Amino acid sequence: MKEILSGNEAIARGAFEAGVKVASAYPGTPSTEILENVSTYSSINSSWAPNEKVALEVAIGASFGGARAMACMKHVGVNVAADPLFTVSYTGVGGGLVLVVADDPEMHSSQNEQDSRNYAKFVKVPMLEPADSQECKEFTRLAFEISEQFDTPVMVRSCTRISHGKSIVELADPVTGLPAPALVKNPRKLVMLPGNARERHPLVEQRIVDLSAYGDTNPVNRAEYLSEDIGIICSGVTWQYVREAIPQASTLKLGMVYPLPKKLVREFASRVRKLFVVEELDPFIEEQVRAMGIEVVGKELIPLCGELSPGRVRTAFAGTSFVPAVSATPLSVEKLPSRPPNMCPGCPHRGIFYLLNRLKAYVTGDIGCYTLGFMHPLNAMDTCVCMGASISNASGIVRSLQPEEQRRVVAVIGDSTFLHTGVNSLMEMAYNKAPATVIILDNRITAMTGRQENPASGYTLSGEEAPMVNIPELVRALGIRHVVEVDPYDLPASRKVLEEEMARPEPSVIITNRPCCLIKGDCRFEKGTVLEIDQDACTGCRACLSIGCPAIEWKPDASGKKGKAWIDPLLCTGCTVCQQLCKFNAIK
Amino acid sequence: MTMSDITNILLVGVGGQGTLLASEILSEVFMRAGYDVKKSEIHGMSQRGGSVVSHVRYGRQVFSPVVPEGEGDILFGFELMETYRSLPLLRPGAKVVANNYRIPSPSILLGQESYPEGLEGKIRGMFPDFMLVDGLKIATEAGNPRVANTVLLGALSQRIDIDESFWIEAIEKLVPRKALDINLQAFRKGRVL
């Protein structure tokens, strides 16, 4: 049976067909939909973890118990999960263990574009890279076989264009006859005391040699000989771009990007006159091929930054003997107003960022929808590094400042991000008495990635009710003495609390209590009365525009110099934040 | 068959407008009609009201999920300024089907810039095969303003030589059951424009 599936759907299908029993993940674009789709297969115990390290450790545990297990994350999630990852490389697995990582070249929805392939080499584990949805499914299945055959965790690397691309997939039945999970004691293999780890390390090194030989003959790597003049080594979606941009080229398509199949690479190199590597981001394959003593051209032509495309590959080769120089000038259009993303109408974060702007706060930010507090006209974010960093950055920055500047430092973090890695940071802040203010923007959901449940939302991935983390109690338990809850739609009350807590020369936490306005289905978000601007009462002072709400529009008059504000009734959620800014009672 | 036998469709609009469902329906149509299909789009941050572009490609064998720059055959625009912005993605002589609908960007909302004038004429000047559809008006007449995208899909379907039955099957598969009738009505209204 054929279906058109996204890469993420196909990875989930591959896990199902491979007989996976346990899957865990933390949401992160572009990986999120893998677990959401895994949760549709009742044979798999699937769940959200508070962060990627925990997700991987859950999967490792399941593997130790003999089950096939999978953890999924975005590229930066691997940084969080790196600690267990490096050591599970030594212990090896029980049931097959696969870590799926989705990279985001071009940073469509990420803070960096790190190339996860480097992890495979660093950790010394094999990495497979599918080039379409069919391969997403096949390679996920294969990854479990390799994992068990070579006693190794296996990484499967996707990217935005694979995860969020769709193509046709032939479905298959799940495997049968896998051994039933059971407790088997093997502490010398699984307890990584130095003495045991020393025994494991040589096995890890030999494994990479063995896997390279496996890749020489396994069809996961595939040479296609066309022109003898040009040979291109590539992998994943880049292979698709190369096939399209330079159709005459011979290609060595690496389905396993680490370890390299050295014999196959040498053979391919010997059969073409000019050898290239085309790869997105780092010269990962190129450097290894060059280290083998083979002459190769790579990043001299291909950009290091951003994603590739058929056009970018063609441009890189333009003017060589393989692709004619570009002659046609591309079509251009007049400059237009840009359209950056914005917080939704009714977003509970908006009023808080308006106040932070007005109070001239120095805001250490974090990862989530609220990072959009950076945008004009809110302009209320000064730093954003990684998940959880807002609180620890604030704790660090206040240490060298005078009291009048210390007061201005406010960390903002969402509920899901707080539970991800913010708890440790807040523990540090309380423990070391750093006098900064933290706002936990608790909107009851992991919003930016598409509204996933989390340990404070009251539901699991599969929609079952779950114990809710009591965030105020947790914050108090960490040693924070001043904990205040506010309604972020109530600007005067929020302002008063912010002023008080910012002035306080000790750590304090403010928790906002309005749910994300996009949570549907269970009445967690209640829409208010749609507001209207009385055009007679409006003086055109523009105060309501200062919050940057997409529902409020400036309507200039005929002169273009003056005008009035107008609320789009289809967008307004009745949050009343703009109403509280109107000094003329024009908003009703 | 050569690369040029691949048809490249670009769907452009503003995050949250429903371009994802439309690209989903298109891909389903082409698969049902027996073609190889690939599509690509971006989720995440850009979905919060930013400019969005989805790529759908079909033909005998499709490699890249991304339409090569300057090779779009059909532009399917859900918003007028985004339609105009995306014209450089097209090949000369491409077809444009667009919704006559304007969503102000943040700087326009604030009154710092204004919504560009005369876009319809500018688009037509560059791409004479341009169909501008009053999606919202027709959808409202059909009984629900929320099916404007399906009206547009109907209009687009006139420009693509694929049997109507595949379109209907794809809509039946992907649109929620309770909204099916109104969507089929909207599709048919668009198809006869």
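These numbers were taken from a predicted model, which means no experiment stands behind them. Chain identifiers are assigned alphabetically (A, B, ...) following the order of the sequence lines, protein sequences preceding nucleic acid strands; residue numbering begins at 1 within each chain.
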Open item on the list: As an exercise: rank B:His55, B:Met126, B:Gln112, B:Glu69 by heavy-atom pairs under 4.5 Å with chain A and give me the winner.
Closed with: B:Glu69

Throw together a table of side-chain donor-acceptor distances under 3.5 angstrom for residues 332-340 of chain A, partners on residues two or more places apart or in other chains.
| from | atom 1 | to | atom 2 | distance (Å) |
| --- | --- | --- | --- | --- |
| A:Glu334 | OE1 | B:Lys122 | NZ | 2.9 |
| A:Glu334 | OE2 | B:Lys122 | NZ | 3.3 |
| A:Arg339 | NE | B:Glu82 | OE2 | 2.5 |
| A:Arg339 | NH1 | B:Ile103 | O | 2.8 |
| A:Arg339 | NH2 | B:Glu79 | OE1 | 3.3 |
| A:Arg339 | NH2 | B:Glu79 | OE2 | 3.2 |
| A:Arg339 | NH2 | B:Glu82 | OE2 | 3.3 |
| A:Arg339 | NH2 | B:Ile103 | O | 2.9 |

Task: Shortest non-hydrogen separation from B:Ser64 to A:Glu244 and the atoms involved - done: N-OE1, 3.2 Å

TODO: With a 4.5 angstrom heavy-atom cut-off, could you sort out which part of B:Glu41 is near chain A: side chain, backbone, both or neither?
DONE: both

- [ ] Evaluate whether atom CZ of A:Phe374 has more than 12 neighbouring non-hydrogen atoms of other residues, nucleotides or ligands under 6.0 angstrom away.
- [x] no

Task: Atom pair CG (A:Asn342) and CG (B:Leu109), whose distance is rounded to the nearest 0.5 Å - done: 8.0 Å

Open item on the list: Need one label for A:Asp132: side chain, backbone, both or neither, based on atoms under 4.5 Å from any heavy atom in chain B.
Closed with: side chain

Task: Proximal to chain B - members of residues 550-563 of chain A, heavy-atom separation under 4.5 Å - done: A:Pro550, A:Ile552, A:Glu553, A:Trp554

Open item on the list: How long is the straight-line distance from NZ of B:Lys173 back to CD1 of A:Ile4, given to the nearest 0.5 Å?
Closed with: 9.0 Å

Open item on the list: Is there a salt bridge (charged side-chain N to carboxylate O under 4.0 Å, His left out) between A:Arg314 and B:Glu71? Walk through the geometry before answering.
Closed with: CA-CA 13 Å; A:Arg314 209 172 289 156; B:Glu71 292 183 23; 2.8 Å; yes

TODO: List in chain and number order the residues that pass side chain to side chain contact (heavy atoms under 4.5 Å, CB included) with A:Cys136, two or more places apart in sequence or in another chain; answer none if no residue qualifies.
DONE: A:Ala10, A:Ile11, A:Pro130, A:Ile162

Task: Between NZ on residue B:Lys38 and OG on residue A:Ser133, distance to nearest 0.5 Å - done: 8.0 Å

- [ ] Determine the option with the most heavy-atom pairs under 4.5 angstrom with chain A, choosing from B:Pro104, B:Ser23, B:Ser54, B:Ser107.
- [x] B:Pro104

Task: Separation between CH2 of A:Trp239 and CZ of B:Phe63, rounded to the nearest 0.5 Å - done: 5.0 Å

- [ ] Output the distance between atom CZ (A:Arg161) and atom OG (B:Ser40), rounded to the nearest 0.5 Å.
- [x] 4.0 Å

Task: B:Ser114 versus chain A, the contacting section by heavy-atom distance below 4.5 Å - done: backbone

Open item on the list: One pair to check against side chain to side chain contact (heavy atoms under 4.5 Å, CB included): B:Leu90 and A:Leu331. What are the steps and the verdict?
Closed with: CA-CA 8 Å; B:Leu90 302 180; A:Leu331 199 65; 5.5 Å; no

TODO: Please tell me if the side chains of A:His164 and B:Lys39 come closer than 4.5 Å, counting only heavy atoms from C-beta onward.
DONE: no

Task: Engaged part of A:Cys347 at the chain B interface, taking heavy atoms whose separation is under 4.5 Å - done: neither

TODO: Determine the option with the most heavy-atom pairs under 4.5 angstrom with chain B, choosing from A:Met375, A:Glu33, A:Met343, A:Glu106.
DONE: A:Glu33

- [ ] Answer yes or no: are there more than 12 heavy-atom neighbours, outside B:Arg146 itself, under 6.0 Å from its atom CZ?
- [x] no

Task: Within 6.0 Å of CD in A:Glu170, more than 12 heavy atoms from elsewhere - done: yes

TODO: Measure B:Pro116 against the heavy atoms of chain A and call it side chain, backbone, both or neither at under 4.5 Å.
DONE: side chain

Open item on the list: Heavy-atom cut-off 4.5 Å, strictly under: side chain, backbone, both or neither for B:Ser27 against chain A?
Closed with: both

- [ ] Using a cut-off of under 4.5 Å on heavy-atom pairs, state which of A:Arg312, A:Gln240, A:Glu3 scores highest against chain B.
- [x] A:Gln240

TODO: Identify which part of A:Trp566 has an atom lying under 4.5 Å from any heavy atom of chain B, answering side chain, backbone, both or neither.
DONE: neither

Task: Residues that B:Glu169 engages under salt bridge (charged side-chain N to carboxylate O under 4.0 Å, His left out), provided they are two or more places apart - done: B:Arg32

Task: Rounded distance (nearest 0.5 Å) linking atom CZ of A:Arg542 with atom CG of B:Leu110 - done: 8.5 Å

